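Just so it is clear, the model here is predicted, and its values are computed rather than measured. Start at 1 with the first residue, then count along the sequence.
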Amino acid sequence: MDYDWSEADKAFRNEVRAFLAEKLTPEISTAGRLMTSVYSDHEASLEWQRILHERGWAAPQWPVEYGGCDWSLTQHYIFSRELTLAGAPALSPMGIRMVAPALIAFGTDEQKNYFLPRILTGEVFFCQGYSEPEAGSDLAALSMAAVDDGDDFLCSGSKIWTTHATEANWIFGLVRTSREGRKQQGITFILMDMTAPGIEIRPLVMSSGEQVQNQIFFDNVRVPKSNVLGQIDDGWTVAKYLLVHERGGGAMAPALQAMAENIATAAATQPGRDGKPLSADPHFAAQLADARIRTEVLEVLEFRTLAAMATGKDLGSSSSMLKILSTELSQQLTELALTAAGPRGRVYQPHATAPGGPIAEYTPPPDGYLSGEDWQAVAPLRYFNDRAGSIYAGSNEIQRNILAKAALGL
């Protein structure tokens with residue numbers, strides 16, 4: 001896509017590039033380049049957040065009065081694109097991008113004053129407590145109970161697929177405070193201190209070997225009612241608002257375009273059939289061309305969505321559309337990257353990557369030996385982790401149902 005930036009936009013782009021050249025250290029950049037999932041190395045991510053916060057750029061999408069930036073739509077897009085192209089690691093979305101907008105929209109002054117500054121500095125690090133063993137995409141079926149006990153709730157139950165639960169010191173979650181009426185009713189959105197007595201965390205080993213997700217068990221965990229976000233029994237309203245921010249509203253196209261370009265570069269030198277480069281394989285070339293075209297389409301749709309948001313319009317079902325397109329396109333690209341990696345992409349070499357969590361039961365070679373290049377070590381792990389993209393934040397089947405009802409009236 002052609003970018004016809006104004007002179008002011010070009011000046012802003014140059015300002016961002018100069019900042020990245022000065023502040024994005026090789027160590028942090030490497031953590032971004034070698035990410036094996038949507039989550040970067042925890043320590044590198046926090047260090048990068050600290051650097052961004054010093055500049056006032058950790059949460060540019062927030063309202064200015066809470067620490068955001070008074071940028072135009074184009075500047076927000078330029079900033080996201082330049083960080084992606086420079087290889088900056090992703091910041092954890094649970095605090096800055098997910099619970100913070102809900103706090104701004106539904107929180108009390110006391111909640112905003114306590115949490116928002118500490119989210120920016122990284123002092124408060126949130127994880128998400130939505131899914132349960134019997135309630136995933138059908139989130140309203142959740143059963144974790146919060147029993148009224150005066151000024152507190154006593155919370156008991158389990159949450160699963162909780163990313164970075166072992167690193168987090170707070171969790172935002174949904175609990176059931178009433179079983180009357182429709183299942184969407186009687187749900188309360190609550191903030192819980194992860195250091196409270198009665199919480200047990202059990203790491204889950206993913207197909208990539210990483211321990212990023214966890215299952216959490218709550219046994220009569222005492223939570224003050226002052227930690228309820230929004231109204232008791234009306235947490236579904238807050239949850240829907242938050243899910244819109246989880247599913248869309250960001251700019252995924254630049255990262256996917258960069259991934260497509262990297263695959264094209266690798267395919268030009270990797271061997272394919274008959275001794276020719278992989279890029280000369282008609283089937284592979286057609287698949288890559290299709291993916292690159294789709295990244296351009298996604299970019300246009302993101303521009304439209306961000307423009308609507310800039311005028312105060314609700315994302316509505318657009319967030320479902322963007323979630324489907326971006327996650328399925330990412331899966332397509334990670335599959336192509338695994339193909340481009342060739343035989344070396346079948347070797348398990350997590351020591352050459354920067355995963356979002358510990359690697360279970362793996363001993364790296366003492367000399368650090370790597371078969372091939374580091375991107376070939378990343379490719380299989382990213383492929384496995386990316387299979388979850390069409391499941392988390394509400395499965396893509398659920399998102400298609402939302403579109404069918406909201407956009408098509410079916």
Side-chain angles (χ1 to χ4, degrees), residues 1-25 28-29 31-33 35 38 40 44-45 47-93 96-98 100-101 120 245-262 264-265 292-313 315 318-319 322-323 325-326 329-330 333:
M1 184 171 181
D2 292 329
Y3 300 96
D4 187 17
W5 307 127
S6 68
E7 291 304 315
D9 291 334
K10 291 177 182 177
F12 175 74
R13 179 193 62 190
N14 293 338
E15 179 186 359
V16 174
R17 287 180 176 177
F19 168 79
L20 292 170
E22 178 184 358
K23 298 294 186 180
L24 185 60
T25 65
I28 296 176
S29 177
R33 184 174 58 83
M35 286 172 56
V38 295
S40 55
S45 176
E47 175 63 15
W48 181 231
Q49 180 174 324
R50 183 191 65 78
I51 293 170
L52 289 172
H53 178 55
E54 287 179 352
R55 184 59 178 264
W57 288 355
Q61 69 274 33
W62 289 12
V64 174
E65 59 267 32
Y66 297 112
C69 299
D70 186 20
W71 290 348
S72 68
L73 167 68
T74 303
Q75 287 174 319
H76 278 284
Y77 184 81
I78 289 172
F79 181 72
S80 176
R81 187 171 189 271
E82 292 300 324
L83 261 64
T84 297
L85 295 178
L91 302 186
S92 174
I96 287 177
R97 205 179 78 200
M98 292 166 62
L120 281 177
H245 288 270
E246 183 180 5
R247 291 169 180 165
M252 286 294 298
L256 296 175
Q257 288 170 341
M259 189 186 304
E261 290 303 316
N262 290 338
T265 300
R292 296 172 85 171
I293 291 170
R294 290 175 184 271
T295 65
E296 300 288 336
V297 173
L298 177 63
E299 184 176 53
V300 172
L301 293 173
E302 287 182 340
F303 268 128
R304 289 180 179 176
T305 301
L306 293 172
M309 292 176 63
T311 63
K313 294 181 179 179
L315 271 177
S318 295
S319 63
L322 293 176
K323 197 267 180 178
L325 293 175
S326 60
L329 179 53
S330 182
L333 286 167

Handout entry: Spatial distance of atom CG (L322) from atom CG (L329) [nearest 0.5 Å]
Key = 12.0 Å
Practice task
Report yes if some heavy atom in the side chain of E302 is under 4.5 Å from a heavy atom in the side chain of P254; otherwise report no.
Solution key: yes
Completion exercise
Taken in chain and number order and not counting sequence neighbours, the residues that satisfy side-chain hydrogen bond (donor to acceptor under 3.5 Å, both in side chains) with S330 are D386
Problem - I28 vs I51 side-chain heavy atoms within contact, under 4.5 Å - result: yes
Problem - Close side-chain approach of F12 to T74, heavy-atom, < 4.5 Å - result: no
Fill in the blank from the handout: Across all chains, not counting sequence neighbours, the side-chain hydrogen bond (donor to acceptor under 3.5 Å, both in side chains) partners of R17 are E82
Exercise for the section: For residues D9 and S72, report the shortest heavy-atom separation together with the two atoms involved. Expected result: OD1-OG, 4.4 Å
Practice task
Specify the closest pair of heavy atoms between A86 and L24, including all atoms of both residues, with the distance to one decimal.
Solution key: O-CD2, 3.5 Å
Handout entry: salt bridge (Lys or Arg N to Asp or Glu O under 4.0 Å) against R33, all qualifying residues, sequence neighbours excluded
Key = D374
Problem - Close side-chain approach of R294 and L325, heavy atoms under 4.5 Å - result: no
Exercise for the section: Would you give the length of the straight line joining atom CE of M252 to atom CG of L298, rounded to the nearest 0.5 angstrom? Expected result: 8.0 Å
Problem - Flag side-chain contact, heavy atom, 4.5 Å: Q49 against I96 - result: yes
Exercise for the section: Find the distance between NZ (K23) and CD (E54) and round it off to the nearest 0.5 Å. Expected result: 6.5 Å
Problem - Gap between atom CH2 of W71 and atom CZ of F79 - 0.5 Å precision - result: 4.5 Å
Handout entry: Over all atoms of both residues, closest heavy-atom pair of A58 and L120
Key = CB-CD2, 4.1 Å
Handout entry: Straight-line distance of R81 CZ to R13 CZ, nearest 0.5 Å
Key = 9.0 Å
Problem - Residue pair S326 / L256: nearest heavy atoms and the distance that separates them - result: O-CD1, 3.9 Å
Problem - Donor-acceptor pair, side chain of S80 and main chain of H76, under 3.5 angstrom - result: no
Problem - Geometric class of the F19/W48 ring pair [parallel <30°, tilted 30-60°, perpendicular >60°] - result: tilted
Practice task
Could you go through the salt bridge (charged side-chain N to carboxylate O under 4.0 Å, His left out) check for R292 and E296 one step at a time?
Solution key: CA-CA 7 Å; R292 296 172 85 171; E296 300 288 336; over 6 Å; no
Handout entry: Donor-acceptor contact present, side-chain S40 to main-chain G32, <3.5 Å
Key = no
Handout entry: N/O donor-acceptor pair under 3.5 Å between T295 side chain and A253 backbone
Key = no
Problem - Heavy-atom pair of closest approach, residues A44 and A31 - result: CB-CB, 3.5 Å
